Amino acid sequence: MPEVRVRFAPSPTGYLHVGGARTALFNWLYARQQGGKYVLRMEDTDAARNTDAARRTIFDGLHWLGLDPDEGPEQGGPVGPYSQSERQDIYARSIVELKSTGVLYPCFCSKQRLSSLRLSQEAAREPFRYDRLCRGLTAEDIQRHTAAGAVPAWRLRVPEGETVLDDLIRGSITVNHADVEDIILVRGDGTPIYNLAVVIDDHTMGITHVLRGEDHLTNCFKQIIIFRALGWDVPRYGHLPLILGPAGEGKLSKRKHPEAALEHYIARDFHPEAFINWLALIGWSFDDKTEIMTREELVQRFSIERVNKSGARLNMEKLAHISGDYIRREAPEKVRAKVCEHLVRGGLVKEPLDAATEALVAAIASAEQERLRGYADIVELARWVFSDPPVMEEKAQKNLTKEPGTAAMLREWAATLSDPLPQVPEMEAAARQFCEARGMGFGKFVHPVRAAITGRTAGPPLFDCVRLLGAARSRARLEHAAQSAS
RNA sequence: GGCCCCGUCGUCUAGCCAGGUCUAGGACACCAGGUUUUCAUCCUGGUAACACGGGUUCAAAUCCCGUCGGGGUCACCA
């Protein structure tokens with residue numbers, strides 16, 4: 001058995017699509033499992049939208065996912081170059097060969113004729129397909145056109161018959177060649193069209209397995225015909241189900257769905273391993289109950305046979321849940337670093353951090369870790385710490401005013417706060433005594449105090465919050481809240 | 001419209017190929033209860049699906065046919 005070689009071949013459109021990310025993941029998983037190679041090929045023959053920034057987005061996205069290629073534009077490799085824009089010489093050689101065997105034939109039809117042909121076919125309710133007019137051109141006809149200065153595009157001469165694709169995921173699919181168009185493979189300027197470039201690339205790069213989106217299923221038959229025409233071995237194909245919009249309305253597009261772009265997830269900063277775990281579960285499953293799996297387990301357990309055929313919608317809630325699960329189990333130092341990064345980015349903390357701020361950040365990280373679903377959530381979760389007095393939520397304000405005597409209670413408790421503050425258990429014990437002495441339930445104490453301290457009704461355990469602020473800031477907040485309390 | 005693919009809880013799915021053990025299992029979400037000073041976590045329980053119609057069979061979510069529904073694709077784009 002030759003070494004397994006798979007590829008991820010995105011077009012640099014300016015963003016990395018989630019579907020693309022999943023395709024990359026499945027290819028990577030398969031390569032790792034089989035001990036093969038996973039190559040990145042940039043499909044950038046459309047110069048117009050091929051910018052450096054667009055290429056970077058792909059590289060960076062894959063890096064965030066932990067799916068750096070074994071071979072690719074950045075890391076090089078034995079079958080480069082890895083960007084289609086740099087492979088024109090390779091294409092040119094194959095095109096010469098294709099022309100000489102008669103697989104390609106010149107087409108002099110103008111774009112106007114082509115579009116009017118399409119129009120009339122549409123009117124007649126016929127399938128839109130080239131009418132093969134130029135297939136019958138004689139050598140003289142060609143001579144005449146050329147002499148007149150016409151430059152032809154070159155079309156694939158689709159033979160009679162049918163092509164059977166034995167898809168790794170969908171099984172056997174047969175297409176009659178009568179339904180395959182004589183597509184243009186080479187432009188007037190001599191450069192290849194996508195379908196030709198892919199075939200030449202997959203062959204010259206020794207690709208053995210092609211795992212890609214189902215949107216390429218129709219293309220696949222054209223590509224197989226080209227492979228055969230060139231006498232090349234056809235790789236194995238597996239067409240992955242598409243990722244649909246949250247409402248099931250067709251494939252995700254960046255315009256309509258922000259969640260189509262990987263940057264959306266990176267911005268929220270979901271745990272990358274959780275993200276990978278979630279991605280793997282879109283269209284694939286291991287068994288009837290196992291869902292949380294490490295990258296290594298995924299590599300071990302992945303199998304193309306268990307990939308489904310039907311399209312899947314994104315379940316963002318589930319991603320958040322899985323990510324929260326991963327973050328909760330993450331090492332405190334790692335969480336602290338992430339929290340710090342986002343606090344800085346969110347403008348809540350300035351670099352360089354002094355020792356006190358460093359300690360504060362560490363305390364925040366430890367207090368909020370269990371509530372994080374994406375690391376970027378920390379900015380909103382911890383905002384109350386950084387604003388004196390804190391922004392008061394409506395529900396929190398109610399907790400300050402609904403019980404008479406709250407203001408006095410707040411002031412009295414503030415007076416008991418010593419500097420430095422005792423540890424949480426001692427503080428709690430003292431607070432309970434404080435309540436008992438006043439003959440009030442602990443709940444009547446906790447809610448107003450939390451409101452005063454954080455301005456919110458939800459958050460870490462109250463005394464953790466108080467210790468986070470320290471005695472002075474806590475007293476000030478208590479006093480400030482007392483002024484607006486009953 | 002032609003061709004191709006797909007169709008199990010709201011969502012992701014297990015089960016289908018090798019029909020019975022499926023009064024259809026799990027997860028997310030949701031609801032209820034418990035733990036907790038709040039939230040979160042955690043625990044317990046619950047609501048909820050085989051698209052429809054035929055056929056084959058002692059027996060169909062599983063096999064066959066049809067209908068309906070959804071999606072993809074039809075560029076000198078990738």
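Owing to the predicted nature of the structure, the values given are computational and were not obtained by experimental measurement. Lettering follows sequence order; numbering is per chain, from 1.
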Throw together a table of side-chain donor-acceptor distances under 3.5 angstrom for residues 153-162 of chain A, partners on residues two or more places apart or in other chains.
| from | atom 1 | to | atom 2 | distance (Å) |
| --- | --- | --- | --- | --- |
| A/R155 | NH1 | A/D182 | O | 2.8 |
| A/R157 | NE | A/G102 | O | 3.0 |

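- Using Watson-Crick or G-U wobble geometry with both donor-acceptor distances under 3.5 Å, B/G1 finds its partner in B/C74.
- In this structure, of B/C76, B/G15, B/C12, it is B/G15 that holds the atom nearest to the side chain of A/R306.
- Atom NZ of A/K334 has more than 12 heavy atoms from other residues, nucleotides or ligands within 6.0 Å.
- Nearest nucleotide to the A/A312 side chain, out of B/U13, B/U41, B/U38: B/U13.
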Identify all pairs in which a protein N or O lies below 3.5 Å from an N or O of nucleotides 3-6 of chain B, and state each distance.
| from | atom 1 | to | atom 2 | distance (Å) |
| --- | --- | --- | --- | --- |
| B/C5 | O2' | A/R170 | NH1 | 2.4 |
| B/C5 | O2' | A/E214 | OE2 | 3.2 |

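- For A/K289, the side-chain atoms get nearest to B/G26 when compared with the rest of B/C28, B/G26, B/C77.
- Going from atom CZ of A/R212 over to atom C1' of B/A78 covers 11 Å, rounded to whole Å.
- Proximity note for A/L242 (side chain, C-beta onward) versus B/G71, B/A78, B/C74: the nearest is B/G71.
- Using a 4.0 Å heavy-atom distance criterion, A/I184 is classed as a base contact.
- Taking only side-chain atoms of A/R371, from C-beta outward, the nucleotide of B/A40, B/C76, B/G72 with the closest atom is B/A40.
- Applying the 4.0 Å criterion to OP1 and OP2 of B/A14, one finds that A/N308 has a side-chain N or O inside that range.
- Picking from B/C74, B/A78, B/U73 the nucleotide with the shortest atom distance to the side chain of A/E181 gives B/C74.
- Contact annotation for A/G443: no contact, since no heavy-atom pair falls under 4.0 Å across all strands.
- Of the residues A/L29, A/T23, A/L25, the one that meets the side-chain contact (heavy atoms from CB on, under 4.5 Å) test with A/N27 is A/T23.
- Residue-environment remark: CD (A/Q433) stays at or below the threshold of 12 foreign heavy atoms within 6.0 Å.
- The residue A/R456 sits apart from the nucleic acid: no heavy atom pair falls under 4.0 Å.
- Contact annotation for A/K318: base contact, defined as any heavy-atom pair under 4.0 Å involving a base atom.
- Nearest-nucleotide positions on RNA chain B for A/C107 and A/H447 put A/H447 closer to the 5' end.
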